[in-house]
Chemist: 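Questions regarding the structure given below will be posed in turn.
We name chains A, B, ... by the order of the sequence lines, and we start the count at 1 in each one.
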Number of protein chains: 2
Amino acid sequence: MKLAAVDVRQAASAADIVYDALRKAIIEGDLAEGENLRQDQIAQMFNTSRIPVREALSRLEQHGLITTERYKGAVVAGLSIEEIDEIFQFRAFVEAEVMRLAVPNLDQDALAAARKYCEEFGLETEPARWGEINRSFHYSLYAASGRPYYLQIVRTSLDRIDRYLRAQLTLTNGVMRADREHKVILEACLNGDAGLASRLTRDHVLDAGRSLVAFLKDQRA
Amino acid sequence: MKLAAVDVRQAASAADIVYDALRKAIIEGDLAEGENLRQDQIAQMFNTSRIPVREALSRLEQHGLITTERYKGAVVAGLSIEEIDEIFQFRAFVEAEVMRLAVPNLDQDALAAARKYCEEFGLETEPARWGEINRSFHYSLYAASGRPYYLQIVRTSLDRIDRYLRAQLTLTNGVMRADREHKVILEACLNGDAGLASRLTRDHVLDAGRSLVAFLKDQRA
DNA sequence: ATATTGTATATTGGATCCAATTTTTCTAAC
DNA sequence: GTTAGAAAAATTGGATCCAATATACAATAT
């Protein structure tokens with residue numbers, strides 16, 4: 001007898017599904033900050049009991065995406081301007097280092113992928129897709145750093161501020177500037193200039209942060 | 001009516017208690033890597049049902065301290081030498097930056113606290129206390145950086161490798177070297193030399209990492 | 001004796017039920 | 001009409017029960 005080998009993929013648990021869905025909704029801003037999350041309501045939305053929902057909420061809290069209080073429930077966590085500013089500084093610091101480590105290891109495949117995402121970002125008109133393409137562009141380069149732990153940290157940092165970034169990209173000409181900056185970063189990578197790519201990456205993140213903080217200060221005043 | 005202000009501390013939930021206890025046990029190496037964690041057994045130890053235990057395990061998994069598999073349970077996560085090496089590099093990179101930012105803000109209280117912990121570390125003979133005092137020393141300085149997010153990241157990074165560090169400190173003369181290095185770091189802080197304190201901190205962490213990696217390579221070979 | 005099959009046990013994930021407490025609503029007094 | 005207090009509803013955390021699956025072990029066939 002001969003059968004094709006099948007990859008019996010472990011079906012995700014209900015808690016995993018709820019967690020992924022809520023994380024995505026918070027990151028993308030579909031759940032506004034301060035919004036109340038009722039266990040019962042979420043359970044009904046996913047057709048499960050409250051048990052997996054509670055587990056999902058507990059994980060989200062560990063990542064700082066929500067806060068919970070007994071008998072009161074969970075609310076989507078908001079960030080102060082100071083916190084947003086700090087996270088951008090941290091990202092700039094770490095991502096510049098990751099880029100510096102990545103450039104010497106970039107191969108043709110990685111560069112081709114980065115070029116593809118770079119073009120895609122410039123052409124995309126749907127704001128909802130900017131965040132994802134932006135991540136794909138940067139990660140296609142970062143991956144060559146061979147630093148999975150660094151990248152995991154960068155990911156959780158991005159998770160915290162993605163929704164603010166989107167608001168800013170949408171409401172200003174941030175996309176055009178990001179697009180220009182992506183192009184020069186890619187250029188530096190193609191030239192194998194690690195120092196330049198690193199500095200440009202740092203400035204790219206800091207620019208976005210400064211612009212966002214200014215925007216929020218104005219908005220919240 | 002007048003009442004003295006009372007800090008009504010939110011009683012920790014069972015899940016919180018279990019989480020804190022397990023986290024501490026893993027960090028301090030009381031639960032060896034690869035050890036099986038049975039929900040039922042833990043629940044009995046804490047005199048609760050499996051529900052809060054599951055929540056605690058779920059959180060621990062999010063922080064990379066355990067891995068779980070359906071129908072098989074949870075095991076304390078082990079780290080490869082490469083992963084340990086990477087985390088030390090990351091810590092050195094971030095903690096050096098935190099120190100650089102902290103030095104200009106150090107006041108007399110912070111310096112006095114650091115000096116106290118520094119002496120305490122050198123005099124402590126109980127290996128079980130080294131990790132905690134070491135953290136207290138570094139954090140008493142780092143706190144002045146005004147970068148809570150950076151420090152949170154540093155904390156989770158430390159959580160991952162603390163138990164390996166302890167093994168190394170215990171089995172080599174690592175404590176004496178750490179003590180010497182603490183003293184010169186403190187000296188640089190007292191002199192207000194941010195650049196030097198930053199470089200010394202980086203080297204302090206890298207030294208410990210290199211020493212640990214060499215130790216583990218030997219041990220695992 | 002060994003390999004294979006079937007069964008019992010162990011273990012996890014989820015559903016349902018209960019206790020504790022907060023929030024809301026209703027009622028009554030002023 | 002407004003406010004204070006009591007009752008009702010809502011909501012969370014935890015306990016117990018159930019379903020699904022893996023592992024261990026016994027029984028059986030070759």
Chemist: Measure from CD1 on A:Ile51 to P on C:dT12 and round the result to the nearest Å.
Modeler: 15 Å
Chemist: Have a look at B:His204 and tell me which of B:His138, B:Arg177, B:Glu95 forms a side-chain hydrogen bond (donor to acceptor under 3.5 Å, both in side chains) with it.
Modeler: B:His138
Chemist: For a quick test of reading the model: is some side-chain N or O of B:Arg70 closer than 4.0 Å to OP1 or OP2 of C:dG13?
Modeler: no
Chemist: Which whole-number value in Å describes the distance from B:Gln44 CD to D:dA15 P?
Modeler: 13 Å
Chemist: Hey, which sits more toward the 5' end of DNA chain C by its nearest nucleotide, A:Asn47 or B:Leu37?
Modeler: B:Leu37
Chemist: What is the distance from CZ of B:Phe46 to C1' of D:dG13, rounded to the nearest Å?
Modeler: 17 Å
Chemist: Between A:Arg135 and A:Asp162, does at least one N-O distance fall below 4.0 Å, as a salt bridge requires?
Modeler: yes
Chemist: The side chain of A:Gln39 lies closest to which of these nucleotides: C:dT12, D:dG13, D:dG14?
Modeler: D:dG13
Chemist: Side chain of A:Arg50: nearest nucleotide among D:dT21, C:dG14, D:dG13?
Modeler: D:dG13
Chemist: For side-chain contact (heavy atoms from CB on, under 4.5 Å), just list the numbers for A:Met99 and A:Ile185, CA-CA rounded to whole Å, side-chain angles, deciding distance to a tenth of an Å, and then say yes or no.
Modeler: CA-CA 10 Å; A:Met99 188 58 106; A:Ile185 289 171; 3.6 Å; yes
Chemist: Between A:Asp16 (CG) and C:dG14 (P), how many Å, whole number?
Modeler: 8 Å
Chemist: Can you tell me the distance, in whole Å, between the CG atom of B:Asp40 and the C1' atom of D:dA15?
Modeler: 13 Å
Chemist: Which whole-number value in Å describes the distance from A:Arg59 CZ to C:dG13 C1'?
Modeler: 11 Å
Chemist: Would you tell me if any nitrogen or oxygen in the side chain of A:Lys72 comes within less than 4.0 Å of OP1 or OP2 on C:dT23?
Modeler: yes
Chemist: Base, sugar-phosphate or nothing for A:Leu57? Non-hydrogen atoms, less than 4.0 Å.
Modeler: nothing
Chemist: Measuring from the side chain of A:Pro52 (C-beta onward, heavy atoms only), which nucleotide among D:dA15, C:dA15, C:dG13 has the closest atom?
Modeler: C:dA15
Chemist: Please state how far atom CZ in B:Arg54 lies from atom C1' in C:dG13, giving the value in whole angstrom units.
Modeler: 5 Å
Chemist: For the side chain of B:Tyr71, counting heavy atoms from C-beta on, which of C:dG14, C:dT23, C:dT12 is nearest?
Modeler: C:dT12
Chemist: To the nearest 0.5 Å, what is the distance between CZ on B:Phe93 and CZ on A:Phe93?
Modeler: 3.5 Å
Chemist: Does B:Arg38 reach a base, just sugar-phosphate, or nothing at all? Heavy atoms under 4.0 Å.
Modeler: sugar-phosphate
Chemist: If you define the side chain from C-beta out and look only at heavy atoms, does anything of A:His63 sit under 4.5 Å from A:Arg160?
Modeler: no
Chemist: With a non-hydrogen cut-off below 4.0 angstrom, is A:Thr48 in contact with a base, only sugar-phosphate, or nothing?
Modeler: sugar-phosphate
Chemist: On the nucleotide C:dA10, are OP1 or OP2 found under 4.0 Å from the side-chain N or O atoms that B:Gln41 carries?
Modeler: no
